[in-house]
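Worksheet: one structure, shown below.
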Amino acid sequence: MADSSVVVTRFAPSPTGYLHVGGARTALFNWLLARHTGGRFLLRIEDTDVARSTQQACDQLIDDLRWLGLGWDNAELVYQSRRIEIYNRIIDELIARGLAYKAYETKEVLDRLWHAAQRAKRQYRYVRPRLTDEQIRQFQAEGRPHVVRLAMPVKEYRFDDVVLGANQGVGPGEVQDFIIRKSDGMPTYHFAVVVDDAEAGVTHILRGQEHLLNTVNHIALQEALGYARPTYGHLPIIMNSDGSKMSKRDRDKKIRERVGQWIRSGKKTAEQMAQETGIDPQRFSAWLPDKTGNDSNPLQLDLGEQASVMKMMGMGRGDLPEILIHDFRENGYLPEVLLNFLSLLGWSPGGDRERMSVAEMVELFSLDRIGKSNAKFARDKLLAFNTEACASAPMPRMLAAFRDYLSVNPDSLLNNADDAALEKVLKMNHGFHLLREVDEKSRFLFMRDDQIELQGDAVEKVLKKNENQGANALREILAILSGLSSWTAHEIELAVKGYCDRTQLGLGKVAQPIRVAVSGSTVSPPIFETLEFLGKPSTIARIEKCLANL
RNA sequence: GGCCCCGUCGUCUAGAGGCCUAGGACACGGCCCUUUCACGGCCGCGACACGGGUUCGAAUCCCGUCGGGGUCACCA
């Protein structure tokens, strides 16, 4: 067990999907506390929900954490699912000491009681049945399924919270015997978390405020097991900008919404969709929204299924709410920027300080500056942070970030570019918000000359309007460019501007036709640098092809 | 509904009784810059939820109201 003077924090996600912003914020705060105090930060996998936990999700979680740079100090990862014997031994001891007991009500019975309580507008509370010794012996002999509940001492449970203040908790009227082992033999979250934290010597637990009342159960367990009570801090909850609670479900929900629209509008039937996406039709129809439109369906598609549904409907990444850390990575945010932004959701270093490096966050972090009120997650500011950070980051950092972006966007044409080319692309797009933007705005540079598709409205507006004014200028410019012996942005600029002076045309009247010819659209990096990058042969070829196609 | 938490500009927040005619950032509006999309520069708009106290003095303390959120699972 660790030296009690050292702070030990942990992040204990359950592997049911990618890391999302709420989880990342929790991980960050625990990590910052450990790093600030010179303590330890541990990572543990809470996979006691066998039905929902997957190894794939676990790997993704770890990948996301690594990307963020939140490193953990335990060499071996703790998986709760591999510690069942330990939990069972302790639970058996609790039963033997009379501090916990087996309860034989079925799920159905409990559900019925709960519904009855709801109808009567009463709060549901489990009451331990008084079983005779005879009944107990009989149930045991039958091997009847059961759960184990903690015989919770009825009293007041109070604790001091470093965020919310002293004296949190509930009175004796609010406690009930909760389940510590499920009928499938797995411990519940409450039990495993208390045992594991105690064994690992965790001293500080920062978690979301939705756990506030769980703490009561955890304290009762700690008292029953003779464990020390760690310091608790319950973080404000991160909400969507519409005020609803943010969750991984939002992504699934959005897709479900769109699918619902398609079906209602008769675009495709559910059966067709299931077939096209290769999802089991029964599973697919169970997932569909109900007719009432209120979406309370707990079933979610896994990430692979989501991807195929999106593909079928032509949805892009931009159509999804950015909830997952992975989304931010795919869109080209810098991890240090995301951490900076996340740190400000519920915490502030004080004064007007906002922009911080990771090292500065570590230095400035303190528990007493964590706020109490929930925060809405609005990306605008994050985007602005990213823009500024990308503009001021040193080139090697941006190059590394771009390579990382490309690694999670394998379809990008820019994967073919060497570092020198990427550096040029980064420079000519200076002032961009996201790496995705650089990617999309520069992909024409990496296409073959015959792959450029001219956008109809761009051709119309820039080339054909006013009796082919643009196209005529383009023809003359083509001749000038063809005659250039030196192909640098500067030389090209001199030549084009010279033409503008002679013809009394504004630069825009000349630059836009060139832009459309070489890129296919009205948007590109600055035109002279673009042409230099393309090189003379490509530039000439693209302009000629464009003129020929008019 | 019971219990619990929270309540400063649209958003994230600074503010710990006088420093506040409430500061910053993002967003928004205007102007400037400009070969496109952007970037950038300048200016502006904009909040102490409401009502009572306490006090010479309250965004800051107390009470009530209202509003938002959490929780009440064999999910974590």
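Below, chains carry the letters A, B, ... as their sequence lines are ordered, and counting in each starts from 1. Because the structure is predicted, anything quoted here is derived from the model rather than measured.
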Among the nucleotides B/rA73, B/rA38, B/rC3, whichever has the atom closest to the side chain of A/Glu174 is B/rC3
To the side chain of A/Asp49, which of B/rU35, B/rG70, B/rA76 is closest?
B/rA76
Using a strict 4.0 Å threshold on nitrogen-to-oxygen distance, state whether A/Lys424 and A/Glu532 make a salt bridge.
no
Side chain of A/Ala378: nearest nucleotide among B/rU11, B/rC26, B/rC37?
B/rU11
Looking across every strand, which nucleic acid part, if any, lies under 4.0 Å from A/Ser524 by heavy atom: base, sugar-phosphate, or nothing?
base
Checking one value: the base orientation of B/rC63, syn if chi is within 90 degrees of 0, otherwise anti.
anti
Base-pairing mate for B/rC50 - Watson-Crick or G-U, with both contacts under 3.5 Å
B/rG64
Is the shortest side-chain N/O distance from A/His433 to OP1 or OP2 of B/rC39 below 4.0 Å?
yes
Would you kindly check whether a donor in the side chain of A/Ser183 faces an acceptor in the base of B/rC74, or vice versa, at under 3.5 angstrom?
yes
For atom C1', what is the distance between B/rG51 and B/rC32, given to the nearest Å?
48 Å
Proximal nucleotide (of B/rC6, B/rU35, B/rA38) relative to the A/Lys372 side chain:
B/rC6
Check whether any side-chain N or O of A/Thr48 sits under 4.0 Å from OP1 or OP2 of B/rA76, and answer yes or no.
yes
Whole angstrom value for the distance that separates P of B/rC74 from CG of A/Asp111:
8 Å
Taking only side-chain nitrogens and oxygens of A/Lys441, does any of them come within less than 4.0 Å of OP1 or OP2 of B/rC37?
no
Distance between the P atoms of B/rC42 and B/rA16, in whole angstroms?
28 Å
Using atom P in both nucleotides, what's the gap between B/rC45 and B/rG52 to the nearest angstrom?
30 Å
Mind checking A/Pro525 for me? I need base, sugar-phosphate or nothing, with any heavy atom below 4.0 Å counting as a touch.
base
Has the side chain of A/Lys381 got a donor or acceptor atom sitting under 3.5 Å from an opposite partner on the base of B/rC12?
yes
Nearest-nucleotide 5' precedence on RNA chain B, A/Asn429 against A/Arg158
A/Arg158
Base, sugar-phosphate or nothing for A/Gly346? Non-hydrogen atoms, less than 4.0 Å.
sugar-phosphate
Once you round it to whole Å, what is the distance between P of B/rA76 and CZ of A/Arg10?
14 Å
For A/Lys461 and A/Gln512, which I'm curious about, is there any donor-acceptor pair between the side chains at under 3.5 Å?
no
With sugar-phosphate meaning primed atoms plus P, OP1 and OP2, does A/Pro526 contact a base, only sugar-phosphate, or nothing at under 4.0 Å between heavy atoms?
base
Okay, side chain of A/Arg125, backbone of A/Gly173: is any donor-acceptor separation there less than 3.5 Å?
yes
Whichever of A/Gln176 and A/Gly508 has its nearest RNA chain B nucleotide further upstream toward 5':
A/Gly508
Minimum-distance nucleotide to A/Asp380 side chain [options: B/rC26, B/rA73, B/rA14]:
B/rC26
P atom, B/rC48 versus B/rU60: distance in rounded Å?
12 Å
Counting just side-chain N and O atoms, does A/Lys182 come under 4.0 Å of either OP1 or OP2 of B/rC75?
yes
Answer yes or no: is there a donor N or O on one side and an acceptor on the other, between the side chain of A/Trp487 and the main chain of A/Leu481, under 3.5 Å?
no
Whether A/Arg353 and A/Glu360 form a salt bridge (side-chain N of Lys/Arg under 4.0 Å from carboxylate O of Asp/Glu) is what I want to check.
yes
Among B/rG24, B/rG7, B/rA14, find the nucleotide with the atom closest to the side chain of A/Glu354.
B/rG24
Taking any heavy-atom pair under 4.0 Å as a contact, classify A/Thr106: base, sugar-phosphate, or nothing.
base
What residue among A/Lys372, A/Arg207, A/Gln209 forms side chain to side chain donor-acceptor pair (under 3.5 Å) with A/His234?
A/Arg207
Determine yes or no for a side-chain-to-main-chain donor-acceptor pair under 3.5 angstrom, with A/Asp47 supplying the side chain and A/Ser53 the backbone.
no
Taking only the C1' atom of each, what is the distance from B/rC9 to B/rC4 in whole angstrom?
29 Å
Mark yes or no for a side-chain to base donor-acceptor pair under 3.5 Å between A/Gln209 and B/rG70, with no hydrogen or angle criteria applied.
no
Tell me what A/Leu213 touches on the nucleic acid: a base, only sugar-phosphate, or nothing, going by heavy atoms under 4.0 Å.
base
So does A/Trp114 get a side-chain nitrogen or oxygen closer than 4.0 Å to the phosphate oxygens (OP1/OP2) of B/rA73?
yes
Sugar-phosphate, base or nothing in reach of A/Phe178, heavy atoms under 4.0 Å
nothing
Between B/rU8 and B/rG67, how far apart are the C1' atoms? Round to whole Å, please.
15 Å
Can you tell me if A/Arg369 uses its side chain to pair, donor with acceptor, with the backbone of A/Ser348 under 3.5 Å?
yes
Could you tell me which nucleotide pairs with B/rG57 by Watson-Crick or G-U wobble geometry, both distances under 3.5 Å, or answer none if nothing does?
none
Students often get this wrong, so: under 4.0 angstrom with heavy atoms, is A/Glu105 touching a base, only sugar-phosphate, or nothing?
base
Please pick, from B/rA73, B/rA76, B/rC5, the nucleotide with the shortest atom-to-atom distance to any side-chain atom of A/Glu46.
B/rA76
Paired nucleotide for B/rA16 [Watson-Crick or G-U wobble; both distances under 3.5 Å]:
none
Rounding to the closest angstrom, what is the interatomic distance between B/rU65 and B/rG2 at atom P?
12 Å
With a 4.0 Å cutoff (strictly under), does any side-chain N or O of A/Arg125 reach OP1 or OP2 of B/rA73?
no
May I have the distance from A/Arg52 (atom CZ) to B/rA76 (atom P), rounded to whole angstrom?
7 Å
Pairwise C1' distance for B/rU55 and B/rA59, with rounding to whole Å:
16 Å
For the side chain of A/Ala384, starting at C-beta, report the closest nucleotide among B/rA14, B/rC12, B/rA27.
B/rA27
With a 3.5 Å limit on both atom pairs, tell me what B/rC72 is paired to, counting Watson-Crick and G-U wobble, or say none.
B/rG1
A/Arg25 (side chain) donor-acceptor with A/Leu345 (main chain) under 3.5 angstrom
yes
Give me the one residue out of A/Val425, A/Asn331, A/Leu414 that meets side chain to side chain contact (heavy atoms under 4.5 Å, CB included) with A/Asp439.
A/Leu414
Using both distances under 3.5 Å as the test, list the Watson-Crick or G-U wobble partner of B/rU35, or none.
none
Looking at the side chain of A/Asp352, which of B/rG23, B/rC37, B/rA76 is the nearest nucleotide?
B/rG23
How would you label the contact of A/Arg207 with the nucleic acid (heavy atoms, under 4.0 Å): base, sugar-phosphate, or nothing?
nothing
Mind checking A/Ile527 for me? I need base, sugar-phosphate or nothing, with any heavy atom below 4.0 Å counting as a touch.
base
Kindly point out which of B/rC74, B/rG69, B/rA14 is positioned nearest to the side chain of A/Val147?
B/rC74
